[in-house]
Q: 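Shown below is the structure under consideration.
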Amino acid sequence: LAVCPAWGKDKPDSEKTGGTSFRAYDGKQDWPTGNGAQVLTEYSVPIYLGVPNKSYRVLGRIVDDRNDGVEVVGKELGGFFTGEKKKLRNIANQARRNGAEAVVITDHPDVVRALGVTERELKKTSPLGQDRQRAVLAVKFGLF
């Protein structure tokens with residue numbers, strides 16, 4: 001399994017928020033935009049379901065990479081019992097804690113390709129219950 005050099009390890013001070021953690025991104029910042037993304041505004045930062053219609057910079061990816069022992073049991077039970085609203089709240093809080101202005105949840109092929117992660121990796125580390133093949137990105141807006 002190849003490791004993308006643009007992805008950092010979890011920040012040493014990155015706290016878990018509902019099983020989520022933050023992986024910093026340091027790579028090319030040329031992301032696609034689009035029209036018609038649904039925006040959820042009831043969380044600590046807006047959550048875009050699809051790529052936004054304005055330029056943005058990816059600060060990192062929000063993940064849930066619990067994959068062994070008791071941790072994986074917690075992840076699986078959380079996926080079964082935790083509602084989507086609570087998962088989205090945890091994702092938004094993790095993004096905000098790491099300086100993001102918004103979250104982008106997308107499976108846009110240009111984004112997935114630029115991130116250098118496989119669909120399997122997205123599914124394995126997804127903090128989402130549904131749409132596990134989507135990347136969950138912490139972003140800032142503007143030209144950089």
Q: Can you tell me if T125 and R61 form a side-chain donor-acceptor pair at under 3.5 Å?
A: yes
Q: First locate atom CG of D107, then atom CD of Q133, and finally report the distance between them rounded to the nearest 0.5 Å.
A: 5.5 Å
Q: Specify the closest pair of heavy atoms between A138 and I62, including all atoms of both residues, with the distance to one decimal.
A: CB-CD1, 4.3 Å
Q: Taking the side chain as every heavy atom from C-beta outward, state whether R97 and N93 have any pair of such atoms under 4.5 Å apart.
A: no
Q: Using 30° and 60° as the class boundaries, would you call the ring planes of W31 and Y56 parallel, tilted or perpendicular?
A: parallel
Q: Give me the atom names and distance for the closest heavy-atom approach of L115 to A135.
A: CD1-CB, 3.7 Å
Q: Within the side chain of Q38, is there an N or O that forms a donor-acceptor pair under 3.5 Å with the backbone of L49?
A: no
Q: Check this for me, if you would: do E101 and K54 make a salt bridge, where the nitrogen-to-carboxylate-oxygen distance has to be below 4.0 angstrom?
A: no
Q: Provide the closest heavy-atom pair for D110 versus P32 in the form atom of the first, atom of the second, distance.
A: CB-CG, 4.0 Å
Q: Nearest 0.5 Å, please: how far is CG in L40 from CZ in R89?
A: 14.5 Å
Q: Taking all non-hydrogen atoms of both residues, which atom of P127 and which atom of I91 are closest, and how far apart?
A: CG-CD1, 3.8 Å
Q: What do the steps show when you test Q94 against N90 for side-chain hydrogen bond (donor to acceptor under 3.5 Å, both in side chains), and what is the final call?
A: CA-CA 6 Å; Q94 185 65 260; N90 292 338; over 6 Å; no
Q: Can you see which heavy atom on A92 is nearest to which on V103, and at what distance?
A: CA-CG2, 4.2 Å
Q: Say you draw a straight line from CD of Q29 to CG of L59; how long is it, rounded to the nearest 0.5 Å?
A: 7.5 Å
Q: Is there a side-chain contact between V112 and E119 (heavy atoms, below 4.5 Å)?
A: no
Q: Please name the pair of heavy atoms, one in Y48 and one in A37, separated by the smallest distance, quoted to 0.1 Å.
A: CD2-CB, 4.3 Å
Q: Distance-only, no hydrogens or angles: does the S55 side chain make a donor-acceptor pair with backbone N or O of G142 under 3.5 Å?
A: yes
Q: Do I105 and L88 have side-chain heavy atoms sitting under 4.5 Å apart?
A: yes
